[in-house]
Structures are given as C-alpha cells and as structure tokens.
Amino acid sequence: DVELLPEEQASLEQSEPVGLEAYTSYQQGLFYLDQYTPDSVAKAIASFEKAISQESDFLPPYISLAKAHWLPTIWGGHTGSAKEGLDLAKGVLAEAKSRFPNEPSIVRIQGYLSMIADFDWPRAKETIDQALISSSDDSEVYYQQCLYLLFVEGRYADALRSIEKALQINPESVAYLDALAKVYTFMGDEQKGLELNRESHDLHPNEWGRRLNVVLNLKNLGVKDPSSDWLDQALVEAKKGVEDSRRNPSLLAVLAEVHAARNESREVDSILTELTQQKAGGQFVPAVWVARVEAQRGKLDLAIQHLERGFGQREGNSFLSNLRKTDLMTLLSDHAGYWNLIQKMNYPALPIDHPFFAMEQSMRFRNGLDKAGKIRSIAVLPFLNADREEHSSQWVSEAIRDEVLRRLRRASFDGLNVVGGRSLDGENGRTILEEARSLGVDAMVHGRFTVEDETLKVWTSFTDVGTGVETPL
C-alpha cells in the first residue's frame, strides 16, 4: 500500500542496475514504514540506512529515509521531538544532495522542509517558483505549490488550480486526492471534502491517517447541523481510528475533539489525561491536536498556549496544516493571542477574498498603531493600480479606499479620527507625507492593487507621519 514519490519511482526505473541486496533492503523499509508504529518506523529507518550502505548511489532510500524521519512528526506517537525528526530528515537530504548534486527533486524537497520545519516562507516559495520554471511537467511541483498556497498564503482558488494540474499529470496519486480534499475543506465545503477523503480512505483502508480526515469532516458537518447524525458518524469513525492506530495521540485527540463537539466533557477529560500520560512516558504528542480539542470546548486561552508551544518547538507539518485551517480559525479568530501568533510567524497577508481577510487586516492595523505610538487621526488614500497602463480603474481605487474607511470606522478604535484622502496618482505630484500634512493627520493607510484573471489582489501599507516609516500590513 506504500505510495512512492515520483522521484522514488523514477530512480527505480534508472538505467543503471541496482544491486539485489540494496533493493531488498529498500523494499523491507517500505513494508515497515507502511505499518507505521514506533517499532516499525525504527525498523524502516534501519532498512533504508542498510540499503544506502549497500548501494550509496541508489536515490530512493535517501528520500524514503528522510520521509521516515519526518512522517512521525505529523501524527506523533514516537519518542523524541518533531524538531529532532525534521533535523534528521534535513541531514539525510543534505547527504543525498552531495551524492546527487544535479537531482532537482532533492532541492524541491529541501524547500518543502524549509516550509514545514523552519517556517521559511520566502525560501519555500522561491524553490517552488524555480521548480515550476525548470520542471513544468512535474506533478510534485504543483502538489507542493498547492500546499504552500493553502497553508501559507491562504489562496484557495490558486491552490485548487495547482492540485488539479497535478492530478491532470498524475491522476493515480492518492496523495494528490488527499490534497484536493484539503483544499475543499479549507474552502469550507466539508461535504465535498468528506466525499474525497472517503474515496481516498477506501483506496487505502488500513491507513488510519486518512480516517482522521474523514472524522474531522464529519465533526465539522455535525457542528454546523447539530440535529443531523454527523456527530454520531464522527464518533464511530474516530473510535475505529483510535483502535486501528493503537491509540496514536493524534487520533486520540481527534476523538476528544468529537466528544467536545458533543459536549461530553467527562470523555474529553479522560482522553486528555491519557495524552498527558503518553507525553510523560516520552511519546511525542503534537501540540496542535490538543489545541484543537481545547478550542472546540471553548477553552481558548489553553488552545493558544498549546499553539505557542507547537510554534516554539517547530512541530512541523501537522502544526502548519492546522494553524490557518478554516475550522480552527473560526474557533480562535476572536482571540487576540491567535492573531499575535500569526504575526509572530511572519505569515504573508491573506488575500482579499479570504473569509478572514478583514479580521487579519484589523489585527495588522492595530499592531501598526501599537508600534507607531499615539495615533489620533488617520487618512486613507485611494489605492493605486499597479498596472500603470490601465487608466479605467479610478472607481476601483476609490471603492477600495471607501471599504477600508468603512471597516476602520466600524472597528471603533478609541479616540481615532478616520478621514479619506485624495489620490496621489495624477498631476498634483504630492507625496504621501505632504498629503498627510495637508490633512493634518498622524498616519496614512495606502496601497496598490492588480486585477489578474478576474481576481482582485490588494497590498496595504501604513505610514507613520511622525517618523516617515512605512509598514506593510
């Protein structure tokens, strides 16, 4: 049932023959990795290392060894921390890079690890952009682009286009089907996400990680429609997942989340106690899954504390894939600590069509005010069209300004006077600071926009008139 990465499959088809011993060790590693228990993962690692020692110029064991180190960081249950596992994976890939200096797939995977292990968004984006230029027919590039757009930038429509392109190139990939389900789930279409996750689980019924995704879709549908039997179905599936995974901490936490949605506090407390005992016994329990439980039962301060711990310990893929997931954002969006964490992680701003765009912009604006000191008055300018050759969009410029004005006035900042300013794109030749002084305000909000494929993209900045410092929002 193990699904090979494209680079693993390609290397297996290489023209140079591979020794039987190395190939056998590699296949044994895949067998153990598919079982996914702490003991079997350790055996998989030993098998891949043995294959490398038997044939150092055989690429797939390197890729699979890196996977074996970082895979447990998603679900937990092993000993050691997520950072240790991710660092080991990076070390394996560095060795592979020295052996295969011209292999682009290694660089691409390193870029992906820089996203999930280091939260290095610029490097991840640069790696993907370069790969799209050099390997435009590589489905894995579009797959990773999808995950970046989904988890980091929140550009759902673009993420959907990327994963559809990956599936067009390789329609047999179950991992891509999983990603397609993720996109629809992030977009709030839990029904479509459930349909796709069930299809994926039916293809690999023994992989309990895919059952977890089904459970979360069922739970979210049940929260939206408490009179339905969605939560009953979620409970049945969650219990099966816990049993199949041998009480893996992530599955236990998701079961607790279902109990929380059903207002069954005794069951929630019992599972959280078991998770605490697992952690005390040396198992890695991903903080984000516990945070989801606390958020679901309304203990938002505790949820934020667990998320802060997950961030501090660099807990990788599960942390990143949940932090800006729509269901968790819905539960935490009114808590200032959530937005403070988002800003601490230097996420790029959400696009204007994202359901939480306005709330995030408000957070960024408030933090801008805090950094600037005492701001008593502010002006909002018409936003400039980044396409200088397009002259028919004055109404869009003013419409964006008016919408920002409306939102700032509704935000009820104490003692803040908000006024509209005139466009600086024209014959007047005024600078932002000159316009601010003519209006007598302490700060300015301004920006630019583009229209691409009928999608409006907006970039906003905040300028403190006293210091002249401009801060992107």
Side-chain angles (χ1 to χ4, degrees), residues 1-12 29-31 33-36 41 44 59-60 62-75 86 89 93 104-106 108-113 115-116 124 127-128 131-132 135 137-152 156 158-187 192-217 241 245 250 316-318 320-322 325:
D1 287 334
V2 173
E3 182 178 1
L4 298 181
L5 294 174
E7 50 269 21
E8 295 173 300
Q9 185 64 47
S11 187
L12 285 174
L30 293 179
F31 169 77
L33 190 60
D34 184 52
Q35 295 178 34
Y36 193 71
V41 170
L59 176 59
Y62 291 93
I63 304 299
S64 294
L65 178 58
K67 186 197 298 186
H69 283 307
W70 96 56
L71 187 62
T73 70
I74 301 176
W75 309 118
L86 291 165
L93 291 172
S105 64
I106 298 172
R108 177 174 49 71
I109 298 173
Q110 287 175 321
Y112 181 74
L113 277 181
M115 179 177 77
I116 66 172
T127 302
I128 293 168
L132 285 169
S135 307
D137 59 347
D138 186 344
S139 60
E140 275 293 291
V141 177
Y142 292 100
Y143 171 60
Q144 290 189 6
Q145 183 186 44
C146 166
L147 298 182
Y148 171 81
L149 293 169
L150 195 63
F151 299 159
V152 178
Y156 298 159
D158 291 337
L160 181 60
R161 282 190 285 269
S162 294
I163 198 60
E164 286 176 340
K165 179 67 173 178
L167 281 164
Q168 180 182 349
I169 297 171
N170 182 6
E172 302 302 319
S173 171
V174 183
Y176 300 170
L177 184 64
D178 293 338
L180 183 62
K182 280 186 174 66
V183 173
Y184 279 108
T185 300
F186 270 64
M187 295 172 73
K192 182 66 173 178
L194 174 62
E195 175 188 327
L196 293 167
N197 278 322
R198 276 182 164 158
E199 181 181 348
S200 172
H201 181 257
D202 288 344
L203 291 169
H204 292 274
N206 295 325
E207 294 191 10
W208 43 261
R210 290 188 162 97
R211 189 186 295 277
L212 178 148
N213 295 328
V214 170
V215 172
L216 290 177
N217 287 132
S245 69
S250 296
N317 196 89
S318 61
L320 188 61
S321 63
N322 276 286
K325 191 178 177 186

Heavy-atom closest pair (Leu216 atom, Lys325 atom, distance to 0.1 Å) is CD1-NZ, 3.8 Å

Does the pair Lys192/Glu195 count as a salt bridge with the N-to-O cut at 4.0 Å?
-> yes

With sequence neighbours left out, the residues meeting ring pair (Phe, Tyr, Trp, His ring centres under 6.0 Å) with Tyr142 are none

Just how far is it from atom NZ of Lys165 to atom SG of Cys146, taken to the nearest 0.5 Å?
-> 14.5 Å

Distance from Ile116 atom CD1 to Asn317 atom CG, nearest 0.5 Å?
-> 5.0 Å

For residues Val214 and Arg210, determine if any side-chain heavy atom of one lies less than 4.5 Å from a side-chain heavy atom of the other.
-> no

When every non-hydrogen atom of Val174 is compared with those of Ser200, the smallest separation belongs to CG1-OG, 3.3 Å

Work out which heavy atom in Ala166 is nearest to a heavy atom in Ser139; give both atom names and the distance.
-> CB-O, 3.5 Å

Should Leu194 and Tyr184 be marked as a side chain to side chain contact (heavy atoms under 4.5 Å, CB included) after you check the CA-CA gap, both sets of side-chain angles, and the distance that decides it?
-> CA-CA 9 Å; Leu194 174 62; Tyr184 279 108; over 6 Å; no

Note, Arg108 side chain near Asp138 side chain (heavy atom, < 4.5 Å) = yes

With sequence neighbours excluded, tell me which residues meet side chain to side chain donor-acceptor pair (under 3.5 Å) with Asn197.
-> Asn217

Does Leu203 reach the side chain of Leu177, with side-chain heavy atoms less than 4.5 Å apart?
-> yes

Roughly how far apart are Ile106 CD1 and Ile63 CD1, rounded to 0.5 Å?
-> 5.5 Å

Inter-residue atom distance Glu172.CD - Leu167.CG, 0.5 Å rounding = 10.0 Å

Check the pair Tyr176 / Glu140 against side-chain hydrogen bond (donor to acceptor under 3.5 Å, both in side chains), numbers first and verdict last.
-> CA-CA 9 Å; Tyr176 300 170; Glu140 275 293 291; 2.7 Å; yes

Can you name the nearest heavy-atom pair linking Ala159 to Leu149, along with the distance?
-> N-CD1, 3.8 Å

Enter the distance from Ile74:CD1 to Leu320:CG here, rounded to the nearest 0.5 Å.
-> 11.0 Å

Verdict with supporting geometry, Tyr143 and Asp178, side-chain hydrogen bond (donor to acceptor under 3.5 Å, both in side chains) | CA-CA 10 Å; Tyr143 171 60; Asp178 293 338; over 6 Å; no

Answer yes or no: is there a side-chain heavy-atom contact under 4.5 Å between Leu71 and Val41?
-> no

Closest non-hydrogen atoms of Gly111 and Thr127, given as atom of the first, atom of the second and distance, are CA-OG1, 3.8 Å

In terms of the angle between their ring planes, are Trp75 and Trp208 parallel, tilted or perpendicular, with boundaries placed at 30° and 60°?
-> perpendicular

Give me the ring orientation class for Trp70 and Tyr112: parallel if the planes are under 30° apart, tilted from 30 to 60°, perpendicular past 60°.
-> tilted

Looking at Ser162 and Gln145, what are the two nearest heavy atoms and their distance?
-> OG-OE1, 2.7 Å

If you measure only the distance, is there a donor-acceptor pair under 3.5 Å linking the side chains of Tyr148 and Asp158?
-> no

Separation between CG of Asp137 and CG of Asn170, rounded to the nearest 0.5 Å = 12.0 Å

Verify, without hydrogens or angle tests, whether Ser321 (side chain) and Ser318 (backbone) share a donor-acceptor contact under 3.5 angstrom.
-> yes

